[in-house]
There are 2 protein chains.
Amino acid sequence: MRPRSAPPRRVTIVDVAQHAEVSTTAVSKVLRNAYGTSPAMRAKVRKAVAELGYRPSAAARGMRGQTYTIGVMLPDIRNPFFAEILDGVTEWLSDTEYQILLGPGCNGEAAEARVTETMIDHSMDGVILIAPVSSRSRLQHVASTVPTVVVGRHSHSTTYDSVADDDIAGAALVVDHLADLGHRRIAHIEHLETDPARIAEMPNAIRAEGYRQAMRAHGLADDIDIVSTTYTQQGGYLGAQQLLARPRRPTAIFAGADIVAMGVLEAIAQAGLTVPDDISVAGYDNTTFANFEPISLTSVDQAGREIGRSAARLLLERIAELDKPAAHIRLSPTLVTRRSTAAPPR
Amino acid sequence: MRPRSAPPRRVTIVDVAQHAEVSTTAVSKVLRNAYGTSPAMRAKVRKAVAELGYRPSAAARGMRGQTYTIGVMLPDIRNPFFAEILDGVTEWLSDTEYQILLGPGCNGEAAEARVTETMIDHSMDGVILIAPVSSRSRLQHVASTVPTVVVGRHSHSTTYDSVADDDIAGAALVVDHLADLGHRRIAHIEHLETDPARIAEMPNAIRAEGYRQAMRAHGLADDIDIVSTTYTQQGGYLGAQQLLARPRRPTAIFAGADIVAMGVLEAIAQAGLTVPDDISVAGYDNTTFANFEPISLTSVDQAGREIGRSAARLLLERIAELDKPAAHIRLSPTLVTRRSTAAPPR
DNA sequence: TTGAAAGCGCTAACAC
DNA sequence: GTGTTAGCGCTTTCAA
């Protein structure tokens with residue numbers, strides 16, 4: 001009745017070697033498809049591995065060679081857009097022998113440092129950092145320790161690769177769409193970026209800049225109206241409240257992220273207004289939420305899956321060739337128009 | 001200009017020992033707060049650790065002792081309820097030196113096996129399996145290898161601990177609420193469970209059973225109406241379509257999960273009906289989605305955070321004492337009534 | 001209280 | 001093409 005009397009000793013490479021009547025080196029080589037193994041040997045080893053149910057210990061492997069494990073850090077597990085990226089990563093890696101482990105959702109530099117350290121401590125073969133907020137030097141440090149791909153920042157690092165969408169273009173898609181519908185007072189809710197070093201590469205800051213540029217291009221420079229909050233539902237709610245209280249209320253709100261748009265919709269409903277009759281709303285990320293029929297939110301599609309696939313591909317390439325020059329992929333977003341945007345009230 | 005010319009050698013316990021002028025054994029002991037270290041020695045070692053920025057290698061640790069890492073497996077990263085549980089786990093472990101790593105979202109037994117194996121391969125100190133679908137014997141196997149807590153199954157295992165909510169009571173809360181409002185034709189959408197071994201412990205099956213019991217208790221045995229699909233948005237959509245096509249349409253739908261309710265709402269909207277005027281809808285899990293003001297879905301709250309905290313606590317207790325008897329915690333759910341439920345149309 | 005030394009499971013030189 | 005051997009960084013006996 002003792003549940004775990006004897007935690008049975010794990011099958012090791014030595015057991016496999018004995019069972020197959022070869023050396024441990026041979027087993028190791030076969031397992032890694034390394035050079036210098038005869039077909040006969042491979043067959044013997046594979047058979048023994050199967051019969052004994054052997055699995056290599058990633059911990060032991062990590063001390064000498066690879067662990068065949070990729071770490072993925074994502075800031076907020078609740079944001080469905082990140083799940084999309086993750087799907088792409090998973091899809092790309094599913095054909096390989098690499099495993100994935102995720103860091104727990106982390107907000108802020110301290111938590112990010114903790115997560116990346118943990119991944120390094122486990123000697124993961126590479127890490128994918130999704131929308132990190134850490135300083136550039138911190139990312140540099142991580143990348144100098146382990147092959148790294150950064151997703152969602154417009155980086156120009158020579159140390160790590162990056163994948164992001166063209167946020168300037170994405171913001172322009174929204175403004176163009178709203179302007180074409182006849183809107184002039186188009187407001188934007190941004191995630192405030194104070195650190196000047198980060199303004200150049202954080203997507204939120206670039207979306208705001210893209211909004212400004214597009215407004216100017218439409219001759220709407222005087223109508224530029226940005227509220228600075230955070231990319232959260234709460235941020236959208238508070239930001240929208242500010243905008244709705246304006247003497248000349250905007251006729252359209254471009255939220256920097258779908259999660260922000262959720263808060264915006266909530267504030268609008270609470271104010272007794274209707275979307276899109278009284279006010280149009282657009283988001284960014286094209287999450288499942290935006291696609292939810294009763295919501296039907298116009299949103300910028302970043303092709304998260306493709307971003308994830310690209311990130312995984314770049315990482316494997318870097319693992320294979322540590323010195324290869326850094327690649328920086330910019331994917332073009334598209335606009336998915338839905339019922340939350342329409343012509344402004346007259 | 002070479003980006004990663006020399007990946008600098010990691011600081012090891014030997015470096016710390018030399019710097020502090022003590023033995024590696026001493027360093028190891030201090031790091032683990034082990035018995036037999038003088039205050040003076042501790043001070044010296046701590047100082048050296050800080051000065052050198054030393055971090056223990058989890059990989060190396062894993063070969064002999066603990067890795068101070070907990071693995072959490074969750075089936076679907078998109079379901080916000082799981083994020084809630086995760087928050088609870090994170091909260092409880094934040095006071096400890098344990099780190100968390102998550103498995104990638106997995107659906108199906110094969111994927112679950114892969115994830116748990118990966119965690120074991122990395123010699124994690126313990127694993128928390130959230131709503132696993134694997135067979136009982138498979139869970140037993142995992143638990144006999146590594147301390148395990150299973151979340152969301154009504155298990156009676158002697159090998160692993162478990163935490164779940166009382167799904168019979170949760171279903172009753174919904175039926176009671178709807179019956180009190182005057183509903184009789186209350187339908188239920190369940191996630192189909194065919195494996196007889198699993199019916200007794202899977203929450204979806206127990207919710208369906210709770211629905212049946214509660215309906216009978218209200219004298220509504222003849223109105224029992226269950227559609228079997230899956231716990232997905234698509235499942236809810238298709239299930240609702242079936243129900244709406246009934247000759248005597250139900251006046252209320254109890255979806256087995258909020259994600260299912262999303263699909264239900266979509267089908268209802270598409271059918272040109274209104275919630276709650278034409279039909280009431282209730283969900284299960286009280287996700288952020290249910291709380292979203294424009295939706296305002298009545299839902300059963302499982303106290304996910306508390307579930308996570310309990311799971312983490314049980315796991316640490318088991319890690320400390322491997323032979324302790326298995327504990328099975330059942331938390332009582334509560335009902336959060338919102339605008340999606342009202343009296344039936346007359 | 002402290003430290004020397006053996007090994008955890010694996011990979012990588014380097015023989016043969 | 002194959003096997004022997006020396007570690008990787010850490011924990012853990014076991015002596016001192």
Go through the structure and list residues passing side chain to side chain contact (heavy atoms under 4.5 Å, CB included) with [X], not counting sequence neighbours.
{"X": "B/Pro132", "answer": "B/Met73, B/Glu112, B/Leu129, B/Leu139, B/Val150, B/Arg153"}
{"X": "B/Arg313", "answer": "B/Trp92, B/Ser310, B/Glu317, B/Ile329"}
{"X": "A/Ser155", "answer": "A/Ser157, A/Tyr160, A/Ser162, A/His328"}
{"X": "A/Asn33", "answer": "A/Arg46, A/Glu97"}

salt_bridge([X], [Y]) N-O dist < 4.0 Å:
{"X": "B/Asp87", "Y": "B/Arg309", "result": "no"}
{"X": "A/Glu109", "Y": "A/Arg136", "result": "no"}
{"X": "B/Arg305", "Y": "B/Glu91", "result": "yes"}
{"X": "B/Asp161", "Y": "B/Lys324", "result": "yes"}

Option among B/Val146, B/Asp125, B/Leu314 that satisfies the side-chain contact (heavy atoms from CB on, under 4.5 Å) test with B/Ile319: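 Answer to the side-chain contact (heavy atoms from CB on, under 4.5 Å) test with B/Ile319 among B/Val146, B/Asp125, B/Leu314: B/Asp125.
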
With sequence neighbours excluded, give me every ring pair (Phe, Tyr, Trp, His ring centres under 6.0 Å) pair touching residues 10-50 of chain B. none

By a strict heavy-atom criterion of less than 4.0 Å, which residues belonging to residues 27-54 of chain A are in contact with DNA chain C? A/Ser28, A/Arg32, A/Tyr54

Any side-chain donor-acceptor pair under 3.5 Å between [X] and [Y]?
{"X": "A/Thr69", "Y": "A/His122", "result": "no"}
{"X": "B/Arg32", "Y": "B/Ser28", "result": "yes"}
{"X": "A/Thr148", "Y": "A/Arg318", "result": "no"}

Under a criterion of less than 4.0 angstrom to any heavy atom of chain B, what are the 5'-terminal and 3'-terminal contacting nucleotides of DNA chain D?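 Endpoints of the contacted stretch of DNA chain D: D/dG9 to D/dT12.
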
Bend angle of the helix from C/dT1-D/dA16 to C/dC16-D/dG1, from helix axes over five pairs at each end, nearest 10°: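 Angle reported: 30°, given to the nearest ten degrees.
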
Positional range of nucleotides in DNA chain C within the contact set of chain A, heavy-atom, under 4.0 Å: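 Both ends considered, the range comes out as C/dG9 to C/dA13.
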
NA contact type, A/Thr12, heavy-atom cut-off 4.0 Å: base, sugar-phosphate, or nothing? sugar-phosphate

Residues touching DNA chain D, which here means a heavy atom under 4.0 Å, drawn from residues 56-63 of chain B: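 Nucleic-acid contacts, sorted: B/Pro56, B/Ser57, B/Ala60, B/Arg61, B/Met63.
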
Side-chain polar contacts of residues 36-43 of chain A - donor-acceptor pairs under 3.5 angstrom, sequence neighbours left out - could you list them?
{"from": "A/Ser38", "atom 1": "OG", "to": "A/Met41", "atom 2": "N", "distance (Å)": "3.2"}
{"from": "A/Arg42", "atom 1": "NH2", "to": "A/Thr37", "atom 2": "O", "distance (Å)": "3.2"}

Using the closest heavy atom to pick a nucleotide of DNA chain C for each, name whichever of B/Ala26 or B/Arg64 lands nearer the 5' end. B/Ala26

For B/Tyr54, check ring pair (Phe, Tyr, Trp, His ring centres under 6.0 Å) against everything at least two apart and list the hits. none

